[in-house]
There are 2 protein chains.
Amino acid sequence: MERSTRQRQAIRAALREANRPLSPGEILEYARQQVPGLGIATVYRTINALVEEGSVVAVELPGEAARYEMAGKSHHHHFHCTSCGKVFELMGCPGDLSWLVPPGFHAEKHEIVLYGSCPNCPGA
Amino acid sequence: MERSTRQRQAIRAALREANRPLSPGEILEYARQQVPGLGIATVYRTINALVEEGSVVAVELPGEAARYEMAGKSHHHHFHCTSCGKVFELMGCPGDLSWLVPPGFHAEKHEIVLYGSCPNCPGA
DNA sequence: ATAGGTGCAAACAGTTTGCATGTAT
DNA sequence: ATACATGCAAACTGTTTGCACCTAT
């Protein structure tokens with residue numbers, strides 16, 4: 001991640017300007033508005049590099065392709081609206097969950113996703 | 001799911017006898033001990049049918065391929081070993097997490113995955 | 001000038017499907 | 001006997017890699 005290129009600027013801009021986690025395909029679509037010839041391979045290489053350098057984090061939701069968002073947010077989890085499909089950020093965390101694991105296991109991190117309906121979706 | 005064949009018996013047995021969720025590849029490996037010529041396509045077709053009829057449930061972990069376990073177990077979560085990649089069942093649950101969601105949201109269910117090392121893997 | 005970055009296409013891995021053959025009923 | 005099930009291979013999707021060309025430094 002040594003040089004600043006048009007494609008990297010476009011990919012960074014897409015992630016910065018979107019207020020939700022984006023999939024590689026969404027990043028490609030967005031960044032192509034700035035750099036028409038942009039290839040999917042460059043998107044993957046760039047987001048992998050950005051993740052590696054720590055400026056972007058992967059948001060991995062069960063059953064869905066990984067999405068990416070800018071790093072620097074505090075520890076948080078996500079809420080997946082089962083009606084409209086949007087993903088929202090949550091602020092709290094239940095804290096240490098290592099008491100859940102049997103002896104011999106060693107818990108290092110956890111992932112929590114809540115499912116339900118968001119304020120915009122009246123469903124139940 | 002009308003006929004009882006050797007391959008289906010072997011696939012059911014693998015899922016029944018394993019005390020953890022299995023990936024399609026793991027099911028294939030297991031079931032081939034009974035039915036050597038078993039193909040991966042049959043595994044996929046069978047687990048999809050079993051999920052459809054409700055006797056097996058998919059365990060979808062963030063960023064990972066879906067695993068499968070027998071249905072009918074009580075509410076539980078999973079532990080994913082970051083070293084060997086195997087998935088284990090946990091028996092506890094932090095309980096109601098609806099306090100995590102902001103006003104206007106309605107939480108219906110949650111998914112929790114712990115990551116770390118299992119007893120068989122050196123504590124990476 | 002030159003090392004690093006890009007685009008294309010091929011390579012891969014996981015999953016699904018088409019089709020001829022096999023088999024439970 | 002006959003419809004359903006299986007195995008193989010090809011098709012597909014999402015992600016990674018090899019390589020010649022391009023470009024920020």
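All chains are named by letter (A, B, ...) in the order of the sequence lines, taking the proteins before the strands, and each is independently numbered beginning at 1.
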- Message: Would you compute the distance between atom CZ of F79(A) and atom NE2 of H110(B) and round it to the nearest 0.5 angstrom?
- Response: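 Between atom CZ of F79(A) and atom NE2 of H110(B) there are 13.0 Å.
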May I ask you to decide if [Y]'s main-chain N or O and [X]'s side chain share a donor-acceptor pair within less than 3.5 Å?
| X | Y | value |
| --- | --- | --- |
| E26(A) | S23(A) | yes |
| S98(A) | A107(A) | no |
| T46(A) | T42(A) | yes |

Provide, to the nearest angstrom, the distance between the [atom1] atom belonging to [X] and the [atom2] atom belonging to [N].
| X | N | atom1 | atom2 | value |
| --- | --- | --- | --- | --- |
| E26(B) | dA13(C) | CD | C1' | 16 Å |
| E52(A) | dG5(C) | CD | P | 13 Å |
| I40(A) | dA11(C) | CD1 | C1' | 16 Å |
| I27(A) | dT6(C) | CD1 | P | 14 Å |

- Message: Between P24(B) and S4(B), which residue's closest nucleotide on DNA chain C lies nearer the 5′ terminus?
- Response: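 Nearest-nucleotide comparison on DNA chain C picks P24(B).
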- Reckon A65(B) touches a base, only the sugar-phosphate, or nothing at all at heavy-atom distances under 4.0 Å? sugar-phosphate
- Using salt bridge (charged side-chain N to carboxylate O under 4.0 Å, His left out) as the criterion, point out the one residue from R20(B), K73(B), R67(B) that pairs with E89(B).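 Exactly one pass, corresponding to K73(B).
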- Presence of salt bridge, R12(B) and E53(B), under 4.0 angstrom: yes
Tabulated below should be each protein N or O lying under 3.5 Å from an N or O of nucleotides 3-6 of chain D; please produce it.
{"from": "dA3(D)", "atom 1": "N3", "to": "R3(B)", "atom 2": "NH2", "distance (Å)": "2.7"}
{"from": "dC4(D)", "atom 1": "O4'", "to": "R3(B)", "atom 2": "NH2", "distance (Å)": "3.0"}
{"from": "dC4(D)", "atom 1": "O2", "to": "R3(B)", "atom 2": "NH1", "distance (Å)": "3.0"}
{"from": "dA5(D)", "atom 1": "OP1", "to": "E2(B)", "atom 2": "N", "distance (Å)": "3.0"}
{"from": "dA5(D)", "atom 1": "OP1", "to": "R8(B)", "atom 2": "NH1", "distance (Å)": "2.7"}
{"from": "dA5(D)", "atom 1": "OP1", "to": "R8(B)", "atom 2": "NH2", "distance (Å)": "3.2"}
{"from": "dA5(D)", "atom 1": "O5'", "to": "R8(B)", "atom 2": "NH2", "distance (Å)": "3.3"}
{"from": "dT6(D)", "atom 1": "OP1", "to": "T5(B)", "atom 2": "OG1", "distance (Å)": "2.7"}
{"from": "dT6(D)", "atom 1": "O3'", "to": "Q7(B)", "atom 2": "NE2", "distance (Å)": "2.9"}

